[in-house]
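Basis for what follows: all heavy atoms, side chains included, without hydrogens, waters or symmetry-related copies. Convention: sequence-line order gives letters A, B, ...; per-chain numbering from 1.
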Amino acid sequence: MNYSPVLTPQSRHLFTKLLNYTHRKNIPKGKSLHAHLLKNGVFPSCPFLSNTFVNFYAKCHLFSEAHLAFVQISYKDTVSWNCLINAYSQLSLRRYSLLALELFKKMLQHHTLPNSHTFAGILSSAAMLEDSMIAHQAHSFVVKLVDSYDVFVYSSLLNVYCKLGNLNDSRKLFDEMAEKNSVTWATMISGYALHRLTKEAFCLFRMMIAGEGEGVNEFVLTSVLSAFVSPEFVDIGKQVHSFAIKTGLLSIVSVGNAVVTMYAKCESLDDAVRAFELSIAKNSITWSAMITGYAQSGNSEKALTLFKEMHFCGMKPSEYTLVGVLNACSDSDAIYEGKQVHGYLVKLGFESQLYIMTALVDMYAKCGSINYARKGFDYLLEPDLVLWTSMIGGYVQNGDNESAINLYCRMQREGIAPNELTMASVLKACSSLSALEQGKQVHTHVLKNGFSLEVPIGSALSTMYAKCGSLDDGNLIFRRMPARDVASWNAMISGLSQNGLGIAALELFEEMQLEGARPDYVTFVNVLSACSHMGLVDRGWEYFKLMSNKFDEAPRIEHYACMVDILGRAGKLYEAKEFIESAIIEHGLCLWRILLSACRNHRNYELGAYAGEKLMELGSQESSAYVLLSSIYTALGRVDDVERVRRIMNLRGISKEPGCSWIELKSQVHVFVVGDQLHPQIKEIRSRLWRLNKLMMDEECGSILEELVLN
DNA sequence: TTAGGGTTAG
């Protein structure tokens, strides 16, 4: 219906007032005016004013009142619908975007023709929901109904295609747009930034400033700065920073925040700190950006200190700040501080917030308090996929692989689709349990969900098969992976080595180098461990030296341990002792422990006693070391020393933990603890073991037998 | 003289 409003001077006065109340979100005054007009019967006859009231309530987020005012309009026009649709769209929240789309459908059912204002809102809801069907449908409407010069609608279209990842469509639209303004430029630049097309984003920014920088505002600057997320872009980031200083735009707080974030992401922490300190107007985002910057660069303590400072400055933390600081606690194993932050955020009423709960669960899991993590998980009635994945990953990190798999099964029963990280964690749980059947089932889920063999799924799958002893399957997956990261190589090398195929493991390491992949410290642990299993002393030395000479990797305790193991297994016990004593590394405990075992295996009790005494001197807490030492003294007939070792063990409160082992057969896990008789077939198993032992004895595998009997 | 688009912290 066409209606040309004719307002009396008095109505115009009231209307101006209402606009003012809407702008200021002055709810009491607006409501009182509404009541006044209703009482005097002025306004039902004037749709123009009615729409303005719908708009007033909607903009003040009083949606029930807005709806009431809306249904009371006898002749709803396009504007009446637009007021509600756009108020919902502007909230940028999923459920409100869905409501906006619902309203749009009803609008069409009521035969009300949408216009450019409608599409601006509908397209931003489609962008929020990343709904490509709605975007395309709206686009066809736009072509039919909207003037191609309408910069609002076309910027909105540009935005939705950017959010959907159709950057080529967006750019085509951008180039074809007859009229562009700063919003159009900012949208296109942020689209590139969002999809990590840094060069394209910067190129567009330069095109914009080549036109003498007209229209460059805080939105354009924050968009382009958000594209610089790794160290190689810090120089162009600095250029944009200088531009912001020259144009005076740096005084706008969002620009300052984007500069701090940019330097932090580019790992120029000093520059980030300087930008933070020079910020005149800091808001909660500025503090969050710096705290997160510290946390992500491993400076957890500084992150925590800054969080305290923020509190003293009277600045209230936002959910982002809290997530940042909780991550800092996780990374530095700061459970005490983490609990304090937990108490604080409960006080602030943030405990039901999903991202915060995810960070809390993550923090407790990483700090080893898996039960607290689970409590947090259970607190939220509707955990999202990230939270499920964090909890499952938390169990895996804490070695509770059964709980990880159980939770994954529950997640499936509840119909929640996993993502790559969920699958990788569950596969890791299967690997650790050597649960091949379970692992195969998870593999079918990987296929069903259509995940590709890229990292991390590909490497988790090949690791699972390799660790469960299915080396052919592991290798098949490994070879089919489109690209392999160092972890994938490591997993396969370690799988081969652990399954007695040391030579194949070393060949794979050579292949890795030929392909130009750079080994890391884990690779060398695997390679050295393969040498150890194969008894390859010279190659062991060769790789140990290669690590620092060619790859600039300083040997860590694990590598020293492998070398002691190599020498020990080969019976080069005195060479091993000298190696330990000349090692430039602290925490020699585990090195002496390995030597002690080697001495026991080679029956060199004198040197074994020397290693054992070193362990006691260093305060070893490992019960097996004391047990071994006392059995060596027993063999040497040194009864007093046996008694001394036992006394020290008691004094230090060290008791022997029972050994435990398990195997999965036909989807059932069989567990064995030293000395238990619980397994239904225990007699049969023991008798078979003794027969095996006898066979090995006949094959002169004396040391292996001794190991079996002693453990 | 009612209704519209884009940014920074997880």
Side-chain angles (χ1 to χ4, degrees), chain A residues 3-7 11-12 15-16 18-19 22 46-56 58-59 73 77-87 89-90 92 114-125 127 146 150-160 162-163 180-191 193-194 215 217-227 249 252-262 264-265 282-293 295-296 317-327 353-356 358-359 362 386:
Chain A
Y3 179 84
S4 301
V6 181
L7 292 174
S11 298
R12 184 169 297 144
F15 170 76
T16 315
L18 182 54
L19 276 188
T22 308
C46 177
F48 185 87
L49 265 179
S50 310
N51 288 341
T52 315
F53 270 104
V54 174
N55 188 47
F56 162 74
K59 287 285 151 58
I73 303 173
D77 62 7
T78 303
V79 178
S80 324
W81 291 91
N82 287 351
C83 288
L84 277 182
I85 289 175
N86 290 321
S89 300
Q90 284 162 9
S92 287
N115 65 9
S116 61
H117 290 256
T118 328
F119 292 116
I122 287 307
L123 286 165
S124 79
S125 281
V146 177
D150 194 313
V151 70
F152 282 81
V153 172
Y154 278 85
S155 294
S156 219
L157 252 179
L158 201 65
N159 179 45
V160 74
C162 282
K163 294 285 174 342
K180 295 185 188 74
N181 62 16
S182 61
V183 177
T184 326
W185 286 88
T187 307
M188 195 65 232
I189 292 172
S190 75
L194 185 67
N217 60 11
E218 69 269 37
F219 292 102
V220 175
L221 279 178
T222 47
S223 299
V224 72
L225 284 165
S226 74
L249 287 163
I252 297 173
V253 67
S254 63
V255 177
N257 295 345
V259 168
V260 173
T261 308
M262 180 273 291
K265 290 211 165 145
K282 291 187 185 70
N283 62 11
S284 152
I285 297 179
T286 329
W287 289 86
S288 298
M290 198 60 241
I291 289 170
T292 309
Q296 285 176 347
S318 70
E319 58 201 83
Y320 293 93
T321 331
L322 292 164
V323 169
V325 79
L326 284 170
N327 288 341
Q353 218 282 333
L354 198 60
Y355 285 123
I356 293 203
T358 308
D362 208 49
V386 180

* Sugar-phosphate or base contact per nucleotide [nucleotides 2-9 of chain B; S, B, -; heavy atom under 4.0 Å] -> BBBBBBBB
In chain order, what residues pass the side-chain hydrogen bond (donor to acceptor under 3.5 Å, both in side chains) check against [X], with sequence neighbours excluded?
X	answer
A:Lys265	none
A:Asn283	A:Asn257, A:Thr286
A:Asn327	none
A:Lys59	A:Asn55

* Structure fact -> Contacts of A:Trp185 meeting ring pair (Phe, Tyr, Trp, His ring centres under 6.0 Å) (sequence neighbours excluded), chain-then-number -> A:Phe174
